[in-house]
Amino acid sequence: MNKELPKAYEPQQYEDAIYKRWEDSGYFTPEACPPWVDNPDSREPYSIMMPPPNVTGVLHLGHALENTLMDVMARYQRMNGKKVLLLPGTDHAAVATQARVEKNLVEAGMKNPRLELGREGLLEKIREYAEQSKTTILSQIKKMGTSADWSRLAYTFDEERSKIVNIVFKKMYDDGLIYRGYRVVNWSVKGQSTSSDDELAYIERKSKLYTFKYSESFPIPIATTRPETKLGDTAVAVHPEGRWKEYVGQEFVIENFGQAGHTLRLKIIADENVDDSFGTGALGVTTAHSPIDFEMYLKQKALGNDIGLIQVIGKDGLMTKEAGTKYEGKTVEEAREQVVDWLRAEGLLIEEQEIDQSVATSDRFGDIIESIPMTQWFVDVNKEIPGRGKSLKELMREAVTIGLDGNAKKKTIVNPERFEKSYLAWVDNLYDWCISRQIWWGHRVPVWYCQGAKNKEQGTTCQYVVTSEKLKACPECGGNIAQDEDTLDTWFSSGMWPFATLGGPEHKDFKTFFPTSWMQMGYEIVSLWMARMILFSAYLFNDIPFKDAYVHGILRDKDGRKFSKSLKNGIDPLDVIKEYGTDALRFSLMVGVAPGNDSRFYMEKVEAGRNLVNKLWNMSRFMLMTVDKEQGTMNKPVRRRGGDQVRPEAKTLADQWILKKLDTLVTGVTKNLDSFDFSYAAESLRDFTWNDLADWYLEIAKIEGGKAEVLNYILNTLLKLWHPYTPFVTEAIWQEVYGEEQLLMVAPWPTIQRSEDVIGTEEQFELMKRIVTGVRNLRSEYNIEPAKKVAVTISAGKQIELLQKNVEILKGMARLENCTIEKTIAKPDGAVGFIESEVEVFMDLSGSVDLEKEKERIQKEIALIEPYVISLEKKLANDEFVNNAPAAVVEGEKKKLEEAREKLKKLQEQLGVLTK
RNA sequence: GGGUUUAUAGCUCAGUUGGUUAGAGCGCUACAUUGACAUUGUAGAGGUCAGAAGUUCGAAUCUUCUUAGACCCACCA
């Protein structure tokens, strides 16, 4: 090394330049192949599609977590020589983005942006906002160190993706899976749009439940929380075998209900779903304003009984003309009050009761959802797909259970497994999916309505045309046409993300990378998103969108609360990066998290990450300096295949031990990453780095010397193992070692080259450690200054050879000026001691030993070990244990007992000498 | 109402298919500090693994129940 590295790692000085080097190197693209790969043409593809962040603003910590997960995986696979594609992109996020921009405009003083700007004007504003947001988001993703292929950047709303959306719509329409229908849908008055069942947020609120009769003579009491909708009731449903069954089939005429000025005709219908034992055992059927009641309407209609629909609430959220002249134009709250007043005045109100009610609200616009009947576009999830013999629902189920068509290779594995259950529960409860929205930001429904006068005259039937192409005139009659005003649900397009990003089935990327390898997502969108991706892939290609789904928990703040705008507890990842560096942030996001569980984010964790990164930096600095000093020049480590090293020969016990530990680490981390145990891998890396390497081996290296080769090898391997987690610092160090011509990013992942089994290495080294720790412990207990050197006598027994051989370690690590090792030696006068296995260690206190204190200490130890010995004896005396437990376990217990007994015996001897 | 999930050291969390005298990080206590690192080192204190019962030779780990929390789903009017 020619230049001295700074004492502390300063991320800000390296990160941007390193990212640029990576990007410039071309290795973010799957086509670039590292030189050490033997067969570049047959590399296994590995693809991850980045869940596209919404272009609604800036990234938050949740995105940082996802980026880290994906990047750890991508980097790991890339170092394994795979053809890795991590494809980045963003989502136009239809409703979310439009709602955000409209809100901004209103805050800036506009009253009604849609009205004031018009469709094109508002779209222009949203487009501007989206573009800006996109730029910010992409630069943030880069700051996170994400090794994404920017040449393939995608956007759910770009031309290529939009084209695919239209093609898929058309195909599903042709297959009869998309239909236009008049249904009761979820309507947000504030957003002036429908929303799917999955875009609702339920809130708990106090509400009143009114029990009433429609009229004096009406026999059945009815309960409702929405009296104003009763103006639109067309039937009363009872259980076919219930207490009201005698009335089934009758029709009651209620004159002037609620003084509405019109007549209600209520048919009494029978429905199995009415619970006779609940409430009044009857249900006022509001066919137009309740999805369930609407179902009854359809059911009755199919039976030839048209009970009719009366829409009393309009799209503007106000009562309609049909509600009656008294109510027309009133808000639902006003109408409710008036109906209740009237019921009360007429003596028809039987009971008022306060109840807790959960009401649906629009998760984007926040207002309470009204159920209103209208004509919309739907995906039929229950209909049999032509030629397939199954419905979309069945495909969604197969894809995660038996695999599509029972083919286990076409099965998406959900990790952790438990999320499979919630996914399936959701699939089973799925209703037809309303995909049309009345907002403007999004893919326009690719349907054109014929408006030509010509066709009317001719009596033709060309009402509308569904096509994936843009139309200018009606292809049937040549008449004028107009495209459907509505746009598509955002999930309709993001559901196609795994293949739309790859250009669709004809594209060569699709052929290489589909199905994708791995997809990660938060559990809150498993049903929303994963299900839709599976739906489309299964339907279009009879394949799964990804082989493994990794579901992670959500990130919470220090107090376990969700991050939210209203709580103002948000943390900008860029601020964290600025202060602590990207590596520290990444590490803090990965560690201490069980798969699928929520985790908390707090600065102490990032600090710990920063400290670790700094430790890594300084250890490397030390290793490089040592290598330099020992070899006299800047060392270019022995390289094979561009940086893969040969395992050096172990010269000492410590060498054997650390190399063995390193082998174990390589195996462990590899296994953990293969099974998505990100936290485990990171923690074992930290343990090795800090506890084994820094605290022991490097200290011993200072004592033993001659470590150039071993240190080279360890550093090389360790940097590779750390790289997926802390890419910047490891690359920075790598650069110091190997110069700029090589990138750690594409160095080969370490493998175990030789597992040299020196029996007992670990036990022997552990004994050394325990002796050292024991001495340090005694020093601390007897308040001997750390700097002061002490003399130690060891009665080593069988271990005499081991200890004699490694006496320098003992002397160095425990700061001994003298260390006498004998096979057996009695405790010298004026010494204190401890026992490790059969080894007794005595420390000379030069007469200043406090006999009482030493006695106390030994007694305390005996008190600790005695019950232990007894419990082991009991265990081993138990035949059932000996017979049933695995032999290895029994052996282990026997050994423990032997050692404990030995120790106890020696403690008692020592105590005996003291009390004499 | 149904389902999922959590409860382990002061705090945040691990504990990989039942076999440890129960672990980590942070915090805490004491001591240390000129050569890799105070973004540090050494040593230490701290837990009847929410509670109860059961299965087992053996339970933090499996079963049942109880308590407290979180989340998801649900048409009980």
Side-chain angles (χ1 to χ4, degrees), chain A residues 5 7-9 202 209 211 222-226 237 273-275 277-286 290-293 295-296 358 418-419 421-422 425-426 429 523-524 526-527 553-554 556 558 560 580 584 588 591-594 596-602 604-605 607-626 671-672 675 677 679-680 683 686-687 690-691 694-695 698-699 702 772-773 776-781 783-787 814-815 864-865 867-869 871-872 875 878-886 888-890 892-893 896 900:
Chain A
L5 291 174
K7 272 188 132 180
Y9 173 63
Y202 289 87
L209 179 69
T211 307
I222 296 292
T224 184
T225 54
R226 301 283 310 265
N273 292 325
V274 179
D275 183 350
S277 61
F278 182 83
T280 65
L283 182 63
V285 182
T286 318
S290 152
I292 313 118
D293 295 5
E295 284 295 316
M296 288 187 192
S358 92
R418 69 182 130 100
F419 291 104
K421 271 190 213 163
S422 54
W426 182 86
N429 278 318
Y523 58 71
E524 76 278 8
V526 165
S527 50
I554 60 174
R556 295 170 176 278
K558 201 177 169 49
Y580 296 97
S588 73
V591 89
V593 188
N597 284 9
D598 291 352
S599 56
R600 299 188 193 197
F601 183 88
Y602 43 97
E604 288 86 344
K605 220 167 166 180
E607 240 172 75
R610 192 251 339 246
N611 295 353
L612 177 107
V613 167
N614 189 247
K615 187 78 181 178
L616 206 51
W617 176 259
N618 274 299
M619 287 168 61
S620 306
R621 208 153 76 94
F622 171 74
M623 290 195 251
L624 292 176
M625 281 167 64
T626 307
K671 192 179 135 238
N672 291 153
S675 56
D677 279 324
S679 189
Y680 249 92
E683 280 165 54
R686 179 183 56 196
D687 285 350
W690 213 310
N691 303 336
D695 290 349
L698 293 188
E699 292 306 319
K702 290 176 190 170
V772 170
T773 308
R776 288 168 173 172
N777 184 348
L778 276 185
R779 300 176 69 118
S780 162
E781 255 181 79
N783 292 322
I784 298 167
E785 281 174 54
R815 284 184 169 265
L864 216 64
I865 202 163
Y868 179 52
V869 169
S871 80
L872 283 173
K875 202 175 199 177
N878 183 346
D879 284 345
E880 299 211 65
F881 169 72
V882 177
N883 294 334
N884 289 322
V889 174
V890 179
E893 298 298 299
K896 279 189 214 162

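In what follows, chains are A, B, ... by sequence order, proteins preceding strands, each numbered from 1.
Taking the C1' atom of each, B:C13 and B:A22 are spaced 14 Å apart, rounded to whole Å.
For the residue pair A:N614 and A:K7, the shortest heavy atom distance occurs at ND2-O, 4.3 Å. In this structure, A:A694 and A:E699 approach most closely via the heavy-atom pair O-CG, 3.9 Å.
When both distances must be under 3.5 Å, the Watson-Crick or G-U wobble mate of B:U56 does not exist. With a cut-off of 3.5 Å on both pairing distances, the Watson-Crick or G-U wobble partner of B:U12 is B:A24. Pairing for B:G46 is absent, judged as Watson-Crick or G-U wobble with the two contacts each under 3.5 Å. Across all strands shown, B:A36 remains unpaired; no Watson-Crick or G-U wobble contact has both distances below 3.5 Å. Pairing of B:C71, defined by two Watson-Crick or G-U wobble distances under 3.5 Å, is identified with B:G3. Across all strands shown, B:G51 is found opposite B:C65 as a Watson-Crick or G-U wobble partner, with both distances under 3.5 Å.
Side-chain nitrogen and oxygen atoms of A:K615 include at least one within less than 4.0 Å of the OP1 or OP2 phosphate oxygen of B:G41. For the OP1/OP2 pair of B:G41 and a distance below 4.0 Å, the side-chain nitrogens and oxygens of A:W690 include at least one atom meeting the criterion. Within the 4.0 Å cut-off from OP1 or OP2 of B:C73, not a single side-chain nitrogen or oxygen of A:S527 is found. Between A:R600 and B:C13 there is a side-chain polar atom (N or O) within less than 4.0 angstrom of OP1 or OP2. Note on A:N611: a side-chain N or O is less than 4.0 Å away from OP1 or OP2 of B:U40. For A:R776 and B:A43, the shortest distance from a side-chain N or O to OP1 or OP2 is below 4.0 Å. Considering only side-chain N and O atoms, A:N429 lies nowhere under 4.0 angstrom from the phosphate OP1 or OP2 of B:C75.
The side chain of A:Y202 approaches B:C75 more closely than any other nucleotide in the set B:C75, B:A14, B:A36. Between B:A36, B:C26, B:G25, one nucleotide has an atom nearer to the side chain of A:Y602 than all others, and that is B:G25. When distances run from any side-chain atom of A:P786 to the nucleotides B:C76, B:G25, B:A32, the shortest one goes to B:A32. Of all nucleotides listed (B:U42, B:A74, B:A43), B:U42 comes nearest to the side chain of A:D695.
Within 4.0 Å (heavy atoms only), A:S871 reaches no atom of the nucleic acid at all. As judged by a 4.0 angstrom heavy-atom cut-off over every strand, A:N878 is placed among residues touching the sugar-phosphate backbone only. Using a 4.0 Å heavy-atom distance criterion, A:D687 is classed as making no nucleic acid contact. Across all strands, A:R686 comes closer than 4.0 Å only to sugar-phosphate atoms, never to a base (heavy-atom distances). Nucleic acid contact class of A:K7 (heavy atoms, under 4.0 Å, all strands): sugar-phosphate only.
At a cut-off of 3.5 angstrom, counting only N and O atoms as typed in the model, there is a donor on one side and an acceptor on the other between the side-chain of A:E699 and the base of B:A36. Side chain A:R610 to base B:U39: a donor-acceptor pair is found below 3.5 Å.
A residue-by-residue look at A:R556 and A:F419 shows that A:F419 has its nearest nucleotide of RNA chain B further toward the 5' end. Taking the nucleotide of RNA chain B with the nearest heavy atom to each of A:G284 and A:E683, the more 5' of the two is matched to A:E683.
Within a 6.0 Å radius of CD in A:E604, other residues, nucleotides and ligands contribute more than 12 heavy atoms.
Without hydrogens or angle criteria, A:S679 side chain to A:G592 main chain gives a donor-acceptor distance under 3.5 Å.
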What does the B/S/- profile of nucleotides 15-20 of chain B look like, 5' to 3', with a 4.0 Å heavy-atom cutoff to protein?
SB--BS

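For the pair A:K702 and A:F622, the distance from NZ or CZ to the six-membered ring centre is under 6.0 Å and the angle to the ring normal is within 45 degrees.
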